[in-house]
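Accompanying notes for the structure given below.
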Amino acid sequence: MKFNLITIAVSLLAVTAATPMVAQTGSTIYKSKCQMCHMADGSGNKAMKVPSFSPSASVESLVAITKKGISPRMPSYAGKLTDAQIKDVATYIKTLK
């Protein structure tokens with residue numbers, strides 16, 4: 001009985017470790033990494049002198065800015081987020097009003 005419980009526990013651990021993490025959505029990433037400076041609606045944090053997002057900014061330009069960052073305040077997210085995550089965030093930003 002003890003051996004069976006150990007075998008089951010090890011098997012469950014192996015399955016759990018092999019299961020990929022659920023991908024974060026653009027909105028979830030935005031809320032955890034961007035919202036503090038860019039505000040929930042993308043209007044920008046006036047106290048920090050962060051401007052609002054330009055309505056004319058394309059997803060591609062937002063991706064490029066997010067990857068590169070803007071010195072000295074906005075960090076680069078290249079290597080911190082995947083290309084797909086960055087694109088999800090940029091796409092989400094375009095939904096903000």
Give me the atom names and distance for the closest heavy-atom approach of [X] to [Y].
| X | Y | result |
| --- | --- | --- |
| Tyr30 | Met39 | OH-O, 2.6 Å |
| Pro51 | Lys49 | CD-O, 3.6 Å |
| Lys33 | Tyr77 | O-OH, 3.5 Å |
| Ser76 | Lys68 | CB-O, 3.3 Å |
| Ser52 | Ser43 | CB-O, 3.2 Å |

Please report the interatomic distance [atom1]([X]) to [atom2]([Y]), rounded to the nearest 0.5 Å.
| X | Y | atom1 | atom2 | result |
| --- | --- | --- | --- | --- |
| Thr66 | Lys80 | OG1 | NZ | 12.0 Å |
| Lys31 | Met36 | NZ | CE | 13.0 Å |
| Leu62 | Tyr92 | CG | OH | 13.5 Å |

Going by the side-chain contact (heavy atoms from CB on, under 4.5 Å) test, name the single residue among Ile93, Thr91, Ile86 that passes it with Val59.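 Looking at Ile93, Thr91, Ile86, the match for Val59 under the side-chain contact (heavy atoms from CB on, under 4.5 Å) is Thr91.
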
A side-chain contact here means heavy atoms from C-beta on lying under 4.5 Å apart; do Ile29 and Leu81 qualify?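 Side chain of Ile29 against side chain of Leu81, heavy atoms only: contact under 4.5 Å found.
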
Taking the side chain as C-beta and beyond, is there a heavy-atom pair between Met48 and Cys37 under 4.5 Å?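 They are in side-chain contact.
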
Hydrophobic clustering (ILVMFWY, side-chain heavy atoms < 4.5 Å, transitive) - are Val63 and Leu96 grouped together?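 Yes; Val63 is reachable from Leu96 via cluster members.
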
What residues form a side chain to side chain contact (heavy atoms under 4.5 Å, CB included) with Ile65, not counting sequence neighbours?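 Side chain to side chain contact (heavy atoms under 4.5 Å, CB included) list for Ile65, sorted by chain: Ile70, Met74.
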
